[in-house]
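This report concerns only the one structure given below.
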Protein chains: 2
Amino acid sequence: MVDTTGHPPADLPRLLHVTPRRQQILDTAADLFAARGFHGVSMGDIGAAVGISGPALYKHFASKEDILGQCLLHASDQLLAGARELLSGAASPQAALHALVARHADFALDNPALIVVQEREWDALGTEARAQVRKHQLAYIDVWTDALRPLRPDLGATEARAAVQAAFGLLNSTPHSARINRATMHALLTTMANQALSAPAR
Amino acid sequence: MVDTTGHPPADLPRLLHVTPRRQQILDTAADLFAARGFHGVSMGDIGAAVGISGPALYKHFASKEDILGQCLLHASDQLLAGARELLSGAASPQAALHALVARHADFALDNPALIVVQEREWDALGTEARAQVRKHQLAYIDVWTDALRPLRPDLGATEARAAVQAAFGLLNSTPHSARINRATMHALLTTMANQALSAPAR
DNA sequence: GCAACGGGTTAACGAGCGTTAACCGGGAGG
DNA sequence: CCTCCCGGTTAACGCTCGTTAACCCGTTGC
């Protein structure tokens with residue numbers, strides 16, 4: 001994972017290495033994008049937030065859109081890789097789904113900015129970056145759907161996908177939500193998601 | 001409802017009346033804002049989408065921000081008024097909560113653009129409009145919380161609010177979700193939300 | 001010691017934005 | 001018939017943005 005042969009300009013090799021500075025910029029930019037939206041944040045804003053100014057960012061990224069792309073790719077890749085790693089060591093289907101829920105809740109609680117950006121600005125990307133991100137997202141949904149379907153034979157394929165996305169919406173409500181103790185919030189979100197995904201009582 | 005004494009310029013009285021043109025502009029703008037974000041849509045875009053061009057919009061609204069404000073105020077007001085109306089005729093606490101869930105699901109399925117805009121761009125507003133919208137949103141959350149707490153004595157006040165917002169996240173997942181039959185989607189969302197909000201099995 | 005380079009600076013550009021100004025046609029009221 | 005106003009138009013202003021250019025300094029390799 002983590003590369004997927006994503007060479008954006010291909011002629012600026014150093015713009016791909018992972019340096020602390022690059023990571024700092026990505027983290028800061030994600031926060032700003034989450035707070036004010038992609039178009040609501042200027043390069044000057046991002047630069048100022050990391051202590052450098054405006055055009056210096058082009059020493060690290062090819063463009064503003066490139067910054068957003070790296071944010072989203074990193075986020076979607078992290079989620080997908082984590083989920084696949086989980087599934088390889090799952091005892092039962094029930095355990096697999098519960099593990100996915102818990103992991104996603106952890107991610108959402110730890111990276112609220114990435115969650116927000118991922119769900120609202122993936123359309124601001126250029127076609128190629130958008131395709132990459134979309135691929136990861138769809139794959140992630142598929143992992144969940146595959147985990148859910150054996151437990152819910154009452155759901156058709158598309159219904160199962162919709163149910164999964166509804167569960168994402170629930171878990172991703174974290175950034176918009178009241179501030180309570182992290183552990184309490186984690187417990188609340190996971191039990192709610194698990195109940196939402198379980199079969200109705202009938 | 002629907003006014004809350006919101007006179008924005010106070011010197012342009014006709015900018016408050018509800019004309020078909022104004023409503024058309026608001027609807028179109030909501031779609032555009034939902035698709036590309038507030039800052040990603042220009043006045044020219046909005047004008048073009050309703051068949052007039054750019055500056056003509058100032059014959060109907062004071063500013064771009066005013067358009068967004070009217071969108072959000074209308075949406076939050078509609079939700080709140082509907083919820084209060086429901087509660088006045090609810091038989092049991094259970095029935096009240098179920099009615100709220102069903103109504104919210106209806107709204108989300110009918111107005112996906114308003115849902116998206118409401119949850120992502122209320123911070124692009126000026127202080128006074130933001131306060132208005134926030135007030136409606138908080139009141140709406142309170143209505144839900146008041147309906148939920150008698151059913152879930154195990155939840156503290158802030159936990160109940162977080163649970164309500166998690167349920168919103170679930171129900172609001174509609175716009176991001178796969179396209180399935182509206183009735184099926186409604187059934188899926190309501191049962192999931194009701195299960196998510198019900199007490200854990202223990 | 002010096003060339004190369006990584007990472008920063010400020011200045012400047014061109015485009016696009018929100019908004020205002022000035023103008024105009026048509027229908028209603030007296 | 002003249003007047004007003006409602007809802008359009010196009011032109012223009014000023015500002016901000018993303019991006020490029022030109023320059024600079026400290027560190028490193030030869």
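To find a chain, count down the sequence lines: A is the first, B the second, and so on, and within it residues start at 1.
With rounding to whole Å, D66(A) atom CG is found 14 Å from dG18(D) atom P. Here dT19(C) presents its P atom at 8 Å from CD of E65(B), a figure rounded to the nearest Å. As rounded to whole Å, 13 Å separates atom C1' of dC17(C) from atom NE2 of H39(A). The nearest whole Å value for the distance from the CE atom in M43(B) to the P atom in dA12(D) is 21 Å. One interatomic measurement links the two molecules: CZ of F61(B) to P of dT20(C), which rounds to 16 Å at whole-angstrom precision. Between the CG atom of L68(A) and the C1' atom of dG18(D) there is a distance of 15 Å, rounded to whole Å. In this structure, L57(B) atom CG and dT9(D) atom C1' are separated by 13 Å, rounded to whole Å. One interatomic measurement links the two molecules: CD1 of I46(A) to P of dT19(D), which rounds to 10 Å at whole-angstrom precision.
Taking CG from L100(A) and CG from L87(A), the interatomic distance works out to 5.0 Å, rounded to the nearest 0.5 Å. Interatomic distance, H176(A) NE2 to R120(B) CZ, rounded to the nearest 0.5 Å: 10.0 Å.
Looking at the side chain of Y58(B), the nearest of the listed nucleotides dA11(C), dG8(D), dT19(C) is dT19(C). For S53(A), counting side-chain heavy atoms from C-beta on, the closest listed nucleotide (dG8(D), dT19(D), dT9(C)) is dT9(C). Across dT9(C), dG18(D), dG8(D), the shortest atom-to-atom separation from the side chain of S42(A) is found for dG18(D).
When side chains are defined from C-beta on, I115(B) counts as touching F107(B), because their heavy atoms get closer than 4.5 Å.
R21(B) has no side-chain polar atom (N or O) that falls below the 4.0 Å cut-off from OP1 or OP2 of dC6(D). Contact annotation: H60(A) side-chain N/O to dG8(C) OP1/OP2 distance is under 4.0 Å. Distances shorter than 4.0 Å separate some side-chain N or O of K64(A) from OP1 or OP2 on dG18(D).
A donor atom on one side chain and an acceptor atom on the other are found under 3.5 Å apart for D45(A) and S42(A).
Between the side chain of K59(A) and the base of dG6(C) there is no donor-acceptor pair of N/O atoms closer than 3.5 Å.
V50(B) comes within 4.0 angstrom of no nucleic acid atom, judged by non-hydrogen atoms across all strands.
Judged by distance alone, the side chain of E65(A) and the main-chain N or O of G126(A) form a donor-acceptor pair under 3.5 Å.
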